[in-house]
Engineer: 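I'd like to ask you about the structure that follows.
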Amino acid sequence: MIDSSAFFVVPCHNYHRIVELLLSSARSKSTPKGLQLHGYILKSGLFLIPLVSNNLINFYSKSQLPLDSRRAFEDSPEKSATTWSSIISCFAQNELPSMSLQFLNKMMAGNLRPDHHVLPSATKSCGILSRCDIGRSVHCLSMKTGYDADVFVGSSLVDMYAKCGDIVHARKVFDEMPERNIVTWSGMMYGYTQIGENEEALWLFKQALLENLDVNDFSFSTVLSACANSTLLELGRQIQGLCVKSSFGSSSFVGSSLVSLYSKCGVLEEAHRVFDETPLKNLGIWNAMLKACAQHSDAKEVIEFFKRMKLSGMKPNFITFLNLLNACSHGGLVEEGRYYFDLMKESKIEPTDKHYACLVDTLARAGKLQEALEVIKNMPIDPTESVWGALLTGCTIHKNTELAAFAADKVFELGPVSSGMHISLSNAYAADGRFEDAARARKLLRDRGEKKETGLSWVEERNRVHTFAAGDRRHEKSKEIYEKLVELGEEMEKAGYVADTSFVLREVDGDEKSQTIRYHSERLAIAFGLITFAKDRPIRVMKNLRVCGDCHNAIKYMSVCTGRVIIVRDNNRFHRFEDGKCSCNDYW
DNA sequence: TTAGGGTTAG
């Protein structure tokens with residue numbers, strides 16, 4: 001029932017007052033007030049006035065009620081370009097991008113030309129759908145109508161191409177635009193971070209500063225995530241300073257990027273501080289903090305944070321659960337892993353292959369190989385490489401060579417395999433005595449001209465990054481680094497360290513094996529840290545691959561012999577070595 | 001006195 005008595009004070013002929021009320025309901029997100037207004041508008045016949053019905057469409061759009069918006073659109077007697085623009089933008093903003101494009105077609109079928117308000121919305125819809133093909137048509141349309149010179153249209157095109165991964169066209173549009181603003185620049189920076197060209201994104205940010213553009217929370221969060229991706233701690237700190245100065249320090253988007261930056265750089269305390277100091281916490285910052293705890297192997301704390309998050313009224317999404325499940329698998333928490341997996345279904349969130357991979361990983365690492373296999377068999381979606389890969393890893397740890405080879409077969413059946421996977425497959429077959437298949441896996445790797453990703457470790461020193469590969473002698477302090485490692489090696493052996501050469505897969509004799517292992521990239525990076533940094537400063541090393549078992553053991557001895565804290569981040573988590581122990585409890 | 005473009009967390 002709609003009660004119009006509340007509007008007795010509103011003179012019927014003054015529809016401007018109604019428009020004002022609609023606008024203020026949209027702004028204050030007061031849906032009930034808007035619904036009452038709608039009743040009044042219908043009763044009084046005011047919906048016949050285009051300005052009123054257009055505003056009604058916009059009110060529903062801002063209230064995230066696109067279907068009601070559509071009804072208001074249908075009721076509107078005179079559909080001008082503005083009316084179409086309102087409804088097309090409504091669908092683009094309310095997760096109905098396909099419908100937004102359908103309405104663009106309808107608009108054109110009625111001989112109305114899309115203008116500079118419609119085109120950005122339509123382009124945005126193409127970006128959301130990752131439909132570069134349709135996006136190109138909209139681009140052509142913009143050029144034909146001359147609206148491609150408009151800064152809104154151009155910026156939306158840059159973003160659309162970036163979202164579709166077509167950085168070349170994004171850049172072409174960007175370069176050819178007659179006028180650019182901070183939105184255009186942010187879109188371009190975002191595009192580069194999406195394809196891993198973080199340095200290019202940083203360079204653009206610097207240009208934006210030099211051109212005196214008003215950088216804002218959007219640009220800050222993007223550039224900070226570029227720093228996070230490249231673990232550029234010092235640069236990130238400097239940019240944080242700029243954020244604070246320009247009063248974007250309390251933005252939750254900026255906060256999420258900062259939490260992620262500090263977490264990825266191994267400075268967990270700072271991540272906590274940023275989290276605590278961000279006044280309005282959105283889902284992103286909660287997820288970033290959960291991920292930070294998970295990366296630093298604090299499964300219990302992840303669970304505590306999750307409880308706090310629910311108490312604060314924040315609803316989890318699929319990323320939240322991915323972090324929870326990840327924490328459970330790293331912490332060896334089998335029961336908890338199962339619990340959160342079921343909780344996700346209760347929360348009506350469909351598990352993706354990555355969620356299944358986490359569950360399988362948890363079970364398989366704990367030695368529950370048959371259960372893990374059952375989970376895979378009962379999956380409602382097709383198991384992917386990461387799911388079978390998780391089973392394979394567990395089988396390797398628990399030396400079930402037959403099941404490992406079976407998992408490897410399944411991976412092979414899926415078709416092309418990612419580069420690191422060939423080695424795992426080959427090893428699984430070899431362990432099961434299937435040498436021909438092992439050779440086949442290796443041959444595939446060679447045929448495709450792929451090499452195993454080179455293992456690299458790096459250390460940040462002020463604004464410089466020192467990178468090392470295994471056996472690398474290119475560094476200017478190479479001589480001191482190797483001397484340090486030899487000296488330290490002797491102390492470590494006295495303390496009881498024995499090199500375990502089974503981690504070297506190449507077929508070489510024993511001596512050469514221990515030589516190779518002695519100079520893995522992380523050891524060179526640590527030695528550099530030892531001879532460079534003050535004694536009380538932790539040595540932070542980043543690595544792109546997993547740390548091998550022997551290095552993991554060796555670094556424990558290094559922490560004892562030198563009395564230093566050594567923090568190593570591998571491709572998915574942190575190891576904090578202190579007094580001969582590692583924070584991962586040897587479970588990684 | 002209506003309508004348009006960019007961000008975080010995986």
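Because only heavy atoms are used, hydrogens play no part in the values below, and waters and symmetry mates are left out as well, while side chains stay in. Computed from a predicted structure; not experimentally measured. Chain letters run A, B, ... following the sequence lines, proteins first, then strands; residues in each count from 1.
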Engineer: Mind checking what makes side chain to side chain donor-acceptor pair (under 3.5 Å) contact with A:R171, not counting sequence neighbours?
Structural biologist: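 A:R171: side chain to side chain donor-acceptor pair (under 3.5 Å) contacts with A:D175, A:Y192.
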Engineer: Extract, from 5' to 3' on DNA chain B, the first and final nucleotides lying under 4.0 angstrom from some heavy atom of chain A.
Structural biologist: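 Range of nucleotides within reach of chain A: B:dT1 to B:dG10.
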Engineer: For A:N181 and A:T184, does a side-chain donor sit closer than 3.5 Å to a side-chain acceptor?
Structural biologist: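 A:T184 and A:N181 do have a side-chain donor-acceptor pair below 3.5 Å.
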Engineer: Could A:D159 and A:K163 be called an ion pair, given the rule that one side-chain N must be under 4.0 Å from one carboxylate O?
Structural biologist: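 Salt bridge present between A:D159 and A:K163.
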Engineer: Using heavy atoms and a sub-4.0 Å distance, could you list which residues of residues 163-184 of chain A are near DNA chain B? By number, please.
Structural biologist: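 Per residue number, the list reads A:K163, A:N181, A:I182, A:V183, A:T184.
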Engineer: Answer with base, sugar-phosphate or nothing: what part of the nucleic acid does A:V151 contact at a heavy-atom distance below 4.0 Å?
Structural biologist: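 Base, at least one base atom sits under 4.0 Å.
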Engineer: Applying salt bridge (charged side-chain N to carboxylate O under 4.0 Å, His left out), which residue pairs with at least one partner in residues 66-91 of chain A are found, sequence neighbours left out?
Structural biologist: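 Sorted result for residues 66-91 of chain A: A:D68-A:R71, A:R70-A:E74.
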Engineer: Side-chain polar contacts of residues 298-311 of chain A - donor-acceptor pairs under 3.5 angstrom, sequence neighbours left out - could you list them?
Structural biologist:
none

Engineer: Base, sugar-phosphate or nothing for A:S121? Non-hydrogen atoms, less than 4.0 Å.
Structural biologist: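 Result for A:S121 = sugar-phosphate.
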Engineer: Could you note down all residue pairs passing salt bridge (charged side-chain N to carboxylate O under 4.0 Å, His left out) where residues 234-243 of chain A supplies at least one of them, sequence neighbours left out?
Structural biologist: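 Applying salt bridge (charged side-chain N to carboxylate O under 4.0 Å, His left out) to every pair that reaches into residues 234-243 of chain A, excluding sequence neighbours, yields A:E234-A:R237.
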Engineer: Give the table of side-chain donor-acceptor pairs shorter than 3.5 Å for residues 95-105 of chain A, with sequence neighbours excluded, one pair per line with atom names and distance.
Structural biologist:
| from | atom 1 | to | atom 2 | distance (Å) |
| --- | --- | --- | --- | --- |
| A:S100 | OG | A:S125 | OG | 2.7 |

Engineer: State which residues pass ring-ring contact (aromatic ring centres under 6.0 Å, His included) with A:H355; sequence neighbours excluded, sorted by chain then number.
Structural biologist: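 ring-ring contact (aromatic ring centres under 6.0 Å, His included) list for A:H355, sorted by chain: empty.
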Engineer: Could you tell me which residues satisfy ring-ring contact (aromatic ring centres under 6.0 Å, His included) with A:F174, sequence neighbours excluded, listed by chain and number?
Structural biologist: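 A:W185.
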Engineer: Report the residues that fulfil ring-ring contact (aromatic ring centres under 6.0 Å, His included) with A:H330, sequence neighbours left out, ordered by chain and then residue number.
Structural biologist: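 ring-ring contact (aromatic ring centres under 6.0 Å, His included) list for A:H330, sorted by chain: empty.
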Engineer: Hey, does A:L290 reach any base, or is it just sugar-phosphate, or nothing, if we go heavy atoms under 4.0 Å?
Structural biologist: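 Since no nucleic acid heavy atom lies under 4.0 Å of A:L290, the category is nothing.
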Engineer: Scan A:L51 against the nucleic acid and name what it touches under 4.0 Å (heavy atoms): base, sugar-phosphate only, or nothing.
Structural biologist: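 Result for A:L51 = base.
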Engineer: Tell me what A:N58 touches on the nucleic acid: a base, only sugar-phosphate, or nothing, going by heavy atoms under 4.0 Å.
Structural biologist: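 Sugar-phosphate only.
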Engineer: Give DNA chain B the dot-bracket treatment, 5' to 3': Watson-Crick (N1-N3 with N6-O4 or O6-N4) or G-U (N1-O2, O6-N3) under 3.5 Å, [ ] crossing, | other strand.
Structural biologist: ..........
Engineer: Please list, chain by chain and in numerical order, all residues satisfying side chain to side chain donor-acceptor pair (under 3.5 Å) with A:H575, sequence neighbours excluded.
Structural biologist: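 In terms of side chain to side chain donor-acceptor pair (under 3.5 Å), with neighbours along the sequence ignored, A:H575 is linked to A:H552, A:D570.
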Engineer: Which is true for A:F220 with a 4.0 Å heavy-atom rule: it touches a base, it touches only sugar-phosphate, or it touches nothing?
Structural biologist: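 Contact class for A:F220: none.
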Engineer: Classify the nucleic acid contact of A:S86 as base, sugar-phosphate or nothing, counting any heavy atom under 4.0 Å across all strands shown.
Structural biologist: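 If one applies the 4.0 Å heavy-atom cut-off, A:S86 turns out to touch the sugar-phosphate alone, with no base involved.
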Engineer: Need one value for A:Q93: base, sugar-phosphate or nothing, where a base atom within 4.0 Å counts as base even if backbone is also close, heavy atoms only.
Structural biologist: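 Here A:Q93 touches the backbone only, sparing every base.
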